[in-house]
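Scroll down for the structure; my scribbles are underneath it.
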Amino acid sequence: MPELPEVETIARGLRKTILGKKIKSIKLSPCRILQNSTVCLSNKLNRQKITQVKRRGKNIILHLSGDDVIIIHLGMTGQLLFLTNKTPFGKHDHIELRFSDNTFLRFSDIRKFGKFKLAKFSPQKKLDDLRELGPEPLEITKDAFIRLLQKRKGKIKTTLLNQRVIAGIGNIYADETLFEAKIHPEEKVCDLGPSRLGKLHQAVRKILKKAIQAGGSSVDDYLNLEGIKGFFQLQHKAYGREGKPCTRCNTKIERIVLSQRSSYFCPKCQKSRGSPPETD
DNA sequence: GTCGATGTTATCAA
DNA sequence: TTTGATAACATCGA
C-alpha cells in the first residue's frame with residue numbers, strides 16, 4: 001500500500017529514469033483510473049517533455065513542458081514500472097507512456113483505486129486534487145504540528161489517517177508511528193497534551209525517514225519502479241504483528257478495528273492515559 | 001465455492 | 001463542522 005515513503009521512493013526513481021524524456025506515444029485501456037478522455041490525453045501528451053517530478057502526500061506530480069501536469073495517485077494496489085523493453089499489456093496494466101528513447105512508464109493497478117489525471121498547472125493556483133491536503137509531515141515544524149493537532153476532536157489514529165489534517169500517512173505508518181511514540185490508537189487527540197504531541201511529531205519524522213531509507217514497505221504488492229521490494233516491512237514493530245511479542249516489553253501485540261481498518265498496538269507500552277499534568 | 005480481510009478516497013448521511 | 005458508513009475493485013486464504 002503506497003504511503004508517503006513508498007511514493008517518495010517512486011518519485012526519486014522517476015527523477016533518475018524519466019526526467020527530461022520526451023513522450024513519443026501513449027497506450028491506454030479505458031477504465032476508471034483515467035480521469036480524462038482518451039483522445040484528449042493522447043493529443044495533449046504527445047511530444048511533451050517531463051520537466052519536473054514532485055511528490056505531495058501520496059500523489060506524484062509530473063510536470064510537462066507545456067503548462068500541463070500529470071497527477072498520479074496509486075490508491076491501494078497501483079504500481080508504476082519503468083521498462084526498457086516492449087512487453088505486452090497484462091490484465092491489470094492500464095496506462096503506458098512511451099518515450100523517444102524507447103523506454104516506457106507503465107501504470108498497473110489490480111483493484112483500480114488509483115488515479116491518473118492530466119490537469120492545467122498555474123503557479124498561482126493550487127491544483128484541485130492537492131488543495132485539500134494537510135501539510136507534509138516531514139516539513140511541518142514541531143510547534144505547528146502541535147497547534148494543528150490540538151484543534152482536533154477525534155481519535156489520534158483516525159486523525160493521522162486524515163489526509164486533510166496531514167498528508168501522506170496511511171495505515172502502516174500510523175501504527176508504526178503510534179508505537180514509536182507509545183500512544184494508544186484510540187486516545188483522543190485533545191487528551192494528549194503538547195508534550196506527547198511533540199513526541200509524536202518526533203516519532204513521525206523518525207519512522208518516515210527510516211522507511212524512506214529502506215525504500216518503503218512491501219507488505220503484499222508494493223514494488224518500486226524497477227520492480228524491487230522495499231525493506232521497511234522487516235522493521236515493522238506493530239503493523240501486521242498481532243499475537244507476536246512487543247519488541248520493547250514482550251507483551252503480545254493486539255489488533256483492534258478502527259475506522260474500518262486494522263490497528264495494531266502494544267497494550268502495555270501504548271496505554272491510554274489521558275493528558276499528564278503539564279509543568280509549564 | 002463462499003466469505004472475510006485487505007485499506008484508499010469520494011460521497012453521502014447523521 | 002465533523003464524524004462515520006459505504007461503495008468502488010480484485011485477490012487471497014480459511
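When reading the values below, keep in mind they use all heavy atoms of this one structure, side chains included, and skip hydrogens, waters and symmetry mates. So that the names make sense, note that chain A is the first sequence line, chain B the second, and so on, each numbered from 1.
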Donor-acceptor contacts under 3.5 Å from residues 170-178 of chain A side chains, at least two apart:
residue	atom	partner	partner atom	Å
N171(A)	OD1	K157(A)	NZ	2.7
N171(A)	ND2	S262(A)	O	3.0
Y173(A)	OH	E6(A)	OE2	2.6
Y173(A)	OH	S217(A)	N	3.4
Y173(A)	OH	S217(A)	OG	2.7
D175(A)	OD1	K157(A)	NZ	2.7
D175(A)	OD2	Y264(A)	N	2.9
E176(A)	OE1	K237(A)	N	2.8
E176(A)	OE2	K237(A)	N	3.2
E176(A)	OE2	A238(A)	N	2.9
E176(A)	OE2	Y239(A)	N	2.8
T177(A)	OG1	Y173(A)	O	2.6

Q163(A) has an atom CD; how far is it from atom P of dT8(B), in whole Å?
-> 8 Å

Are L74(A) and I110(A) joined in one hydrophobic group, where the rule is that I, L, V, M, F, W and Y side chains link up if heavy atoms are under 4.5 Å apart?
-> no

Figure out the CG/P separation between L133(A) and dT9(B), and round it to whole Å.
-> 9 Å

Within the structure shown, what part of the strands sits under 4.0 Å from K91(A) by heavy-atom distance: base, sugar-phosphate, or nothing?
-> sugar-phosphate

Figure out the CG/P separation between L160(A) and dT9(B), and round it to whole Å.
-> 14 Å

Contact class for G170(A) (heavy atom, under 4.0 Å): base, sugar-phosphate, or nothing?
-> sugar-phosphate

Tell me what E132(A) touches on the nucleic acid: a base, only sugar-phosphate, or nothing, going by heavy atoms under 4.0 Å.
-> nothing

P2(A) or R164(A): which one's nearest nucleotide on DNA chain B is closer to the 5' end?
-> P2(A)

Its 5'-most and 3'-most nucleotides having an atom under 4.0 Å from a non-hydrogen atom of chain A, DNA chain C is contacted over dT3(C) to dT11(C)

Separation of dT8(B) P from Q260(A) CD (nearest whole Å) = 12 Å

Examine F113(A) and L81(A) and state if one hydrophobic cluster contains both, with Ile, Leu, Val, Met, Phe, Trp and Tyr joined whenever side-chain heavy atoms are less than 4.5 Å apart.
-> no

Provide the distance between the two P atoms, one in dG1(B) and one in dC9(C), to the nearest whole Å.
-> 24 Å

Sugar-phosphate, base or nothing in reach of K115(A), heavy atoms under 4.0 Å | nothing

Gap between atoms CG and P, on L130(A) and dA10(B) respectively (whole Å) | 11 Å

With clusters built from Ile, Leu, Val, Met, Phe, Trp and Tyr whose side-chain heavy atoms come within less than 4.5 Å, directly or transitively, what are the remaining members of the cluster of I256(A), listed by chain and number?
-> L258(A), F265(A)

Base-pair string, DNA chain C, Watson-Crick plus G-U, cut-off 3.5 Å on both distances, | for inter-strand, is .|||||||.|||||

Could you tell me whether R106(A) sits above the aromatic face of F89(A), with NZ or CZ closer than 6.0 angstrom to the six-membered ring centre and within 45 degrees of the axis?
-> no

Roughly, in whole Å, what's the span from CZ in R131(A) to P in dA10(B)?
-> 13 Å

Residue met sooner reading DNA chain C from 5', once T158(A) and K112(A) are mapped to nucleotides = T158(A)

Fellow cluster residues of I71(A), listed by chain then number, with links counted only when side-chain atoms sit under 4.5 Å apart | I61(A), V69(A), F121(A), L127(A), L130(A), L133(A)

Please determine if a side-chain N or O atom of H73(A) lies less than 4.0 Å away from the OP1 or OP2 oxygen of dT8(B).
-> no

Look at R32(A) and dT9(B) and indicate whether a side-chain polar atom (N or O) is within less than 4.0 Å of OP1 or OP2.
-> no

For the hydrophobic clusters of this structure (ILVMFWY residues joined by side-chain heavy atoms under 4.5 Å, transitively), does one cluster hold both F145(A) and V165(A)?
-> yes

Pair S259(A), T158(A): side-chain N/O donor-acceptor within cut-off below 3.5 Å | yes

Please report, rounded to the nearest Å, how far the C1' atom of dT8(B) is from the OH atom of Y222(A).
-> 17 Å

Are OP1 or OP2 of dT9(B) and a side-chain N or O of K58(A) less than 4.0 angstrom apart?
-> yes

Write down the distance between CD (E6(A)) and P (dT8(B)), rounded to a whole number of angstrom.
-> 10 Å

Nearest atoms (heavy-atom pairs only) where K54(A) meets R15(A) | CA-NH2, 3.9 Å

What does S262(A) touch in the nucleic acid at a heavy-atom separation under 4.0 angstrom: a base, only the sugar-phosphate, or nothing?
-> sugar-phosphate

Applied to residues 12-32 of chain A, the ring-ring contact (aromatic ring centres under 6.0 Å, His included) test, sequence neighbours excluded, yields none

